[in-house]
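A short worksheet on the structure shown next.
Quick note: numbers below take in every heavy atom, side chains included, and nothing from hydrogens, waters or symmetry partners.
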Amino acid sequence: MSRRTRLSRTNYLFRLHEGNMNKEQVVEFLKALKASLKCISLASLPPYSAELDPVESLWAWLKRHAIANFCADTLNELQTIARNKLKSAQRRPSIIAACWIQAML
């Protein structure tokens, strides 16, 4: 992450973790995010509800379209493909915008 990184509805940052994320991993990500951005403004999102979460829409796109027929031989191969597909989505603002529209935010 660079000092010039700006987050928006179409520009996002992500990390992949094996298994469930714990609080230490969340804190580590937030510290890295804070260090790479000059300022962070927060937006209130509704309490968790899958249909209102744009990230859930992004994961649905990844699973149903980007890697729908992909059969990885290893977990490492799956992580690499998933990371590359998510990076490709970053270059296609229409996909990210659609996730926000789906979430009605």
Side-chain angles (χ1 to χ4, degrees):
M1 291 186 259
S2 72
R3 286 272 178 207
R4 299 177 200 269
T5 302
R6 295 187 66 118
L7 300 180
S8 68
R9 287 180 180 236
T10 58
N11 186 30
Y12 58 91
L13 300 172
F14 62 88
R15 281 193 182 174
L16 297 176
H17 288 274
E18 195 171 322
N20 294 328
M21 287 189 62
N22 60 37
K23 64 183 176 187
E24 289 81 15
Q25 291 169 318
V26 172
V27 169
E28 175 190 331
F29 177 72
L30 291 174
K31 284 181 180 178
L33 186 63
K34 184 178 178 185
S36 67
L37 300 173
K38 291 186 178 181
C39 66
I40 298 175
S41 62
L42 301 177
S44 295
L45 296 175
Y48 182 75
S49 179
E51 66 274 6
L52 298 176
D53 186 347
V55 174
E56 292 292 342
S57 295
L58 182 61
W59 284 119
W61 168 83
L62 180 70
K63 292 186 288 186
R64 292 184 188 132
H65 301 285
I67 60 174
N69 295 315
F70 177 72
C71 183
D73 292 324
T74 65
L75 180 59
N76 193 29
E77 183 182 12
L78 178 59
Q79 288 174 334
T80 300
I81 293 299
R83 181 174 281 112
N84 289 340
K85 294 296 183 178
L86 288 169
K87 285 180 181 178
S88 124
Q90 285 179 310
R91 293 186 295 274
R92 297 174 60 194
S94 61
I95 291 173
I96 307 307
C99 292
W100 283 97
I101 290 168
Q102 175 71 26
M104 297 178 282
L105 296 174

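Judged as a side chain to side chain contact (heavy atoms under 4.5 Å, CB included), and not counting sequence neighbours, N20 has no contacts.
Remark: Q102 CD to D53 CG distance equals 11.5 Å, nearest 0.5 Å. Separation of atoms CD1 (I101) and OG (S94) is listed at 9.5 Å; rounding is to 0.5 Å.
Closest of all the heavy-atom pairs between A89 and I96 is O-CG1, 3.8 Å.
Applying the side-chain hydrogen bond (donor to acceptor under 3.5 Å, both in side chains) test to pairs two or more places apart or on separate chains, none has a residue in residues 68-89.
Other residues, nucleotides and ligands contribute at most 12 non-hydrogen atoms within 6.0 Å of the CD atom of E18.
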Enumerate donor-acceptor pairs with a distance under 3.5 Å from any side-chain N or O in residues 55-62 to protein atoms, sequence neighbours excluded.
from, atom 1, to, atom 2, distance (Å)
E56, OE2, Y48, OH, 2.8

